[in-house]
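The structure appears below as structure tokens.
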Amino acid sequence: MLGKAGKIMRLRNIPGAKETIEESCFVVHEPQEKKGKWQEIFHNENPVHIEVGMGKGRFLMDLAALHPQINYVGIEMYDSVLLRAIQKMEEKEQEGTIPRNLRFLRMDARELPLVFAPGEVGKIYLNFSDPWPKERHAKRRLTSRQFLERYDQILAKDGTVEFKTDNRGLFEFSLEEVREAGWTLDAHTFDLHHDPQMSRGNVMTEYEEKFSSMGNPIHKLIASRSR
């Protein structure tokens, strides 16, 4: 399954990956020092949107190109995956198509409140997150109430969380967690690509293309904090 395959891929050690990440200008280093100062990183006052578990970064690269008026931060904790995102950015730089409104972080998502100030993030994207299928690992799922509590600490008042997956069990768990955490479920669908309203303007991830081409329906929800 996706989670197991993805986990094996991410954990593969690639010689030199850590050094490349440490030297990359696309990665924000010592991010805790940037808390409350993300507008300084991008040299503008545009909204900041983040993707937690960005993988190879293509989704955010596409979004950044489509929406230059928004600043994007991709968060990934595995060196081997972040390395690929950096390589893609280097390729875009050589082509002259690099998005200037995109940066990466190598960090554990549990530390989000240490890196972003209250209200500093306008939107959080979660795409095809690891399902952590064992019940004892439920709190590690990025849509668990424990993570929703962390998102609550950094989201703007009108901020939202958008989650996509092809894992029906994880999606049903996520719907329940949103309710249990006291959040508002603004919209959801069990078949995104056949939902005219929710699929409008949809930017696909690499996993989304792969699994939808196999006939797997894509599930999506949009949630916001109760006001």
### Task
Could you walk me through whether H193 and M204 pass the side chain to side chain contact (heavy atoms under 4.5 Å, CB included) test, one step at a time?
CA-CA 10 Å; H193 294 174; M204 287 205 287; 3.5 Å; yes
### Query
Which residue pairs satisfy the salt bridge (Lys or Arg N to Asp or Glu O under 4.0 Å) criterion with at least one member in residues 194-208, sequence neighbours excluded?
K88-E206, K164-E208
### Query
For the residue pair Y72 and Y125, does the interplanar ring angle fall in the parallel (under 30°), tilted (30 to 60°) or perpendicular (over 60°) class?
tilted
### Query
If you round to the nearest 0.5 Å, how far is CD1 of I218 from CG of N216?
6.5 Å
### Query
Does any N or O in the side chain of H29 come within less than 3.5 Å of the main-chain N or O of S24, such that one atom is a donor and the other an acceptor?
yes
### Message
Students often mix this up, so state it plainly: with edges at 30° and 60°, are the rings of F171 and F190 parallel, tilted or perpendicular?
### Response
perpendicular
### Task
Report yes if the side chains of F116 and P31 come closer than 4.5 Å at any heavy-atom pair, otherwise no.
no
### Query
Among the clusters formed by ILVMFWY side chains lying less than 4.5 Å apart, do L102 and V121 turn up in the same one?
no
#### Entry: Worked verdict on E177 versus T143 for side chain to side chain contact (heavy atoms under 4.5 Å, CB included)
CA-CA 7 Å; E177 289 293 281; T143 50; 5.6 Å; no
### Task
Search all heavy atoms of S174 against all heavy atoms of L221 and return the closest pair with its distance.
CB-CD2, 3.9 Å
### Message
Taking the side chain as everything from C-beta on, heavy atoms only, tell me whether R110 gets closer than 4.5 Å to Q146.
### Response
no
### Nearest non-hydrogen partners of F128 and D166, listed with the distance
CE2-N, 3.5 Å
### Summary
S144 and K139 have their tightest heavy-atom pair at OG-O, 3.2 Å
### Message
With side chain to side chain contact (heavy atoms under 4.5 Å, CB included) as the criterion, how do L148 and E180 come out once you've worked through the C-alpha distance, each side chain's angles and the decisive distance to 0.1 Å?
### Response
CA-CA 10 Å; L148 288 171; E180 289 295 323; over 6 Å; no
### 4.5 Å side-chain heavy-atom contact, I86 and L82
yes
### Query
For A65, what residues pass the side-chain contact (heavy atoms from CB on, under 4.5 Å) criterion, not counting sequence neighbours?
none
#### Entry: In one Ile/Leu/Val/Met/Phe/Trp/Tyr side-chain cluster, 4.5 Å: L112, L126
yes
### Message
Tell me which pairs pass salt bridge (Lys or Arg N to Asp or Glu O under 4.0 Å) where either residue lies in residues 115-126, with sequence neighbours left out.
### Response
K123-E162
### Task
Output yes when a side-chain donor or acceptor of E51 lies under 3.5 Å from a complementary backbone atom of G74, and no otherwise.
no
### Cluster link I222 to I124, ILVMFWY, side chain under 4.5 Å
no
### Task
Kindly work out whether a path of hydrophobic side-chain contacts (I/L/V/M/F/W/Y, heavy atoms less than 4.5 Å apart) joins L142 to L185.
yes
### Query
Which residue pairs satisfy the salt bridge (Lys or Arg N to Asp or Glu O under 4.0 Å) criterion with at least one member in residues 16-33, sequence neighbours excluded?
K18-D79
#### Entry: Between CD on residue Q87 and NZ on residue K56, distance to nearest 0.5 Å
10.0 Å
### Query
When rounded to the nearest 0.5 angstrom, what is the spacing between CD1 in I70 and CG in N44?
11.0 Å
### Task
Please check if atom NE2 in H194 has more than 12 non-hydrogen atoms from other residues, nucleotides or ligands closer than 6.0 Å.
no
### Message
Checking E93 against M89 for the side chain to side chain contact (heavy atoms under 4.5 Å, CB included) test, could you report, in this order, the C-alpha distance in whole Å, the side-chain angles of both residues, the deciding distance, and whether it holds?
### Response
CA-CA 6 Å; E93 187 174 38; M89 288 287 277; over 6 Å; no
#### Entry: Any I154 side-chain heavy atom under 4.5 Å of V115 side chain
no
### Task
Verify the cluster assignment for I98 and V73: are they in a single hydrophobic cluster under the rule of side-chain heavy atoms below 4.5 Å apart?
no
### Query
Rounded to the nearest 0.5 Å, what separation is found between the CG atom of L170 and the OG1 atom of T165?
5.0 Å
### Query
At their closest point, which heavy atom of P113 faces which heavy atom of Q153, and how far apart are they?
CB-OE1, 3.4 Å
### Message
Determine whether a donor-acceptor pair (N or O, by modelled atom type, separation under 3.5 Å) exists between the side chain of R106 and the backbone of M77.
### Response
yes
### Query
Under a 4.5 Å cut-off applied to non-hydrogen side-chain atoms, are F104 and I21 in contact?
no
### Query
Do R141 side-chain atoms and F173 backbone N/O form a donor-acceptor pair below 3.5 Å?
no
### Nearest-0.5 Å distance that lies between atom NE2 in H188 and atom NZ in K220
13.5 Å
### Task
Could you tell me which residues satisfy side-chain contact (heavy atoms from CB on, under 4.5 Å) with Q39, sequence neighbours excluded, listed by chain and number?
E45
### Task
Compare every heavy atom of P99 with every heavy atom of A64, then report the nearest pair and how far apart it is.
CB-CB, 3.7 Å
### Query
In Å and rounded to the nearest 0.5 Å, what is the OG1 to CZ distance from T205 to R58?
7.0 Å
### Atom of A109, atom of R150 and distance for their closest heavy-atom approach
O-CD, 4.2 Å
### Message
Could you check whether R84 pairs with E91 (Lys NZ or Arg NE/NH1/NH2 to Asp/Glu carboxylate O, under 4.0 Å)?
### Response
yes
### Query
Do the non-hydrogen side-chain atoms of H67 and N101 ever get within less than 4.5 Å of each other?
no
### Message
Has T189 got a side-chain atom pairing as donor or acceptor with D191's backbone, closer than 3.5 angstrom?
### Response
yes
### Summary
residues 141-166 vs ring-ring contact (aromatic ring centres under 6.0 Å, His included), sequence neighbours excluded, gives none
